[in-house]
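Following: one structure in structure tokens, then a few remarks.
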Amino acid sequence: MATAISTPNIAFIKYWGNRKNTLRIPVADSLSMTLSEPSVEITIDHADTLKIQSSTIGEEREIAGKHLDRFQKVIDLAKEYLGTLGMADALPGELSIRIDSHIPPAVGLASSAAVFSCLARAIAALITEEKVLTDEQVSIIARLGSGSAARSVMGGFVALRAGEGESIDAAKAVQIADEHHWLLHDIVVIPSREEKKVGSTEGHALAATSPYFAARIEAITTRRQQECIDAILRKDFEKLQHMSEEDALDMHHVMETSNPPLKYLSQETHHIVGEVKALRETKHLPVLFTMDAGPTVHLVCTDEAAEEVRAFASAQKGCTIFESQVGPGARVKE
Ligand code: PMV
């Protein structure tokens, strides 16, 4: 039996589009900050058949249908990957999985990143007597469930490197700086709690249909990712703000021009972004905005700006607010 705990992350350079969809191998690198909360806890054990019990903020449900299929696929691929490391039989035939999630549903905090990084860490803990996996190896297992989950395996600031080729281990995460490097906050403004209509798995498959996809990949590959890494290492907030806002808006442009188009941002999102820009003009606050596949606005700021950003967020009418900061990533629970 093994138990792990993990959290979502918020990307500064977004992952959108795969080179190989079945293995979730991204076209380009991405970069994020692992969050301190909300957390997910997963316990896995040997079983006769795959069985998943899940509780989200106290609400119990048994995972079935396409959700169960996704887990089955991840476990089969994890076995395939462990086979390439000479450990084809390290994992038991079947697993029982117990998921305890503290992530409020449909708020724009990536629960799949937390869940699959947590599952990967628990799998590594279960087979630890046979072999101790490196964090990079654990990130490969996490990526098989959700690309962005690879980044939550580690704490602090983490890049997912797209690598080359189509082998199962082609893309992996690397830590750029740990969680003690720079205290940044993520103050999350949630305008709507509707479930999104098109999930990211389907979205990735549409990315390349946008006429702007190739230019975005070129921008990330030739400058944005590296400039963002440099900004983090130098704690240059202004640079981080420019790069991450440019990339977030660029990703949404690609989404909105894909075929069929995907529109995740709402009027409320645009309103909040406009207000943040105005706040920045008047108060010169180190705060940046970024949005994933939904209308939720993440306001990432330094410790010195946190109080004012918190007050700004609370003043947004009809919005739910959630607060987190940079965190340590997926870990084993003793
Ligand atoms: O890991 P996925 O397949 O849920 O994709 C995540 C996509 C974004 O959240 C939109 C961007 C990112 O890099 O987190």
Side-chain angles (χ1 to χ4, degrees), residues 6-35 40 66-67 70-71 73-74 77 103 105-120 139-154 157-162 171-173 176 186 188 195-208 210 213 216-217 220 224-225 228-229 243-256 258 262-265 269 289-298 300 324 329-330:
S6 192
T7 50
N9 62 75
I10 180 65
F12 298 120
I13 300 293
K14 310 287 187 186
Y15 149 56
W16 197 249
N18 288 321
R19 186 157 87 231
K20 191 172 170 80
N21 282 315
T22 47
L23 293 180
R24 299 178 194 270
I25 301 176
V27 177
D29 290 5
S30 57
L31 181 67
S32 59
M33 169 172 106
T34 301
L35 299 177
V40 166
K66 65 175 188 197
H67 297 295
R70 181 165 177 181
F71 278 89
K73 218 176 272 171
V74 176
L77 288 171
I103 305 183
V107 294
L109 285 157
S111 62
S112 62
V115 166
F116 289 107
S117 57
C118 198
L119 180 66
S139 82
I140 291 167
I141 298 176
R143 195 204 76 222
L144 298 168
S146 150
S148 60
R151 300 185 310 239
S152 272
V153 164
M154 297 157 207
F157 302 86
V158 185
L160 172 57
R161 300 233 196 269
K172 57 193 85 166
I176 302 301
D186 182 9
V188 188
E195 291 278 354
K196 63 183 168 207
K197 290 180 192 74
V198 181
S200 44
T201 302
E202 291 161 75
H204 289 296
L206 297 176
S210 162
F213 181 68
R216 173 161 192 269
I217 298 304
I220 293 173
R224 247 184 234 156
Q225 173 81 356
C228 217
I229 291 174
M243 284 304 118
S244 56
E245 289 181 0
E246 179 182 298
D247 190 67
L249 295 174
D250 196 14
M251 175 183 74
H252 284 281
H253 186 49
V254 165
M255 289 165 158
E256 287 168 15
S258 70
L262 297 174
K263 199 165 163 32
Y264 289 113
L265 307 183
T269 312
F289 62 82
T290 187
M291 291 78 69
D292 285 340
T296 292
V297 182
H298 293 254
V300 177
S324 183

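All heavy atoms count here, side chains included; hydrogens, waters and symmetry mates do not. Just follow the structure's listing: the first ligand is 1, and inside any ligand the first atom is 1.
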Provide, line by line, the atom pairs where ligand 1 and the protein bring an N/O atom each to a distance under 3.5 Å; else say none.
residue: ligand 1; atom: 1 (O); partner: S146; partner atom: OG; Å: 2.8
residue: ligand 1; atom: 1 (O); partner: G147; partner atom: N; Å: 3.4
residue: ligand 1; atom: 1 (O); partner: S148; partner atom: N; Å: 2.9
residue: ligand 1; atom: 1 (O); partner: S148; partner atom: OG; Å: 2.6
residue: ligand 1; atom: 3 (O); partner: S200; partner atom: OG; Å: 3.4
residue: ligand 1; atom: 3 (O); partner: H204; partner atom: NE2; Å: 2.9
residue: ligand 1; atom: 4 (O); partner: S200; partner atom: OG; Å: 2.7
residue: ligand 1; atom: 5 (O); partner: H204; partner atom: NE2; Å: 3.0
residue: ligand 1; atom: 13 (O); partner: Y15; partner atom: N; Å: 2.8
residue: ligand 1; atom: 13 (O); partner: R151; partner atom: NH1; Å: 3.0
residue: ligand 1; atom: 13 (O); partner: R151; partner atom: NH2; Å: 3.1
residue: ligand 1; atom: 14 (O); partner: R151; partner atom: NH2; Å: 2.9

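- T290 and K14 share a side-chain donor-acceptor pair at under 3.5 Å.
- R70 contributes a side-chain N or O that, together with a main-chain N or O of G145, makes up a donor-acceptor pair within less than 3.5 Å.
- Partners of S258 according to the side-chain contact (heavy atoms from CB on, under 4.5 Å) rule, which considers only residues two or more places apart in sequence or in another chain, are L206, T209, S210, L262.
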Item to check | Step-by-step side chain to side chain donor-acceptor pair (under 3.5 Å) determination, H298 to D186 | outcome: CA-CA 6 Å; H298 293 254; D186 182 9; 2.8 Å; yes
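- Scored by the side-chain contact (heavy atoms from CB on, under 4.5 Å) test, A208 finds F213 as partners (sequence neighbours excluded).
- With sequence neighbours excluded, no residue forms a salt bridge (Lys or Arg N to Asp or Glu O under 4.0 Å) with E256.
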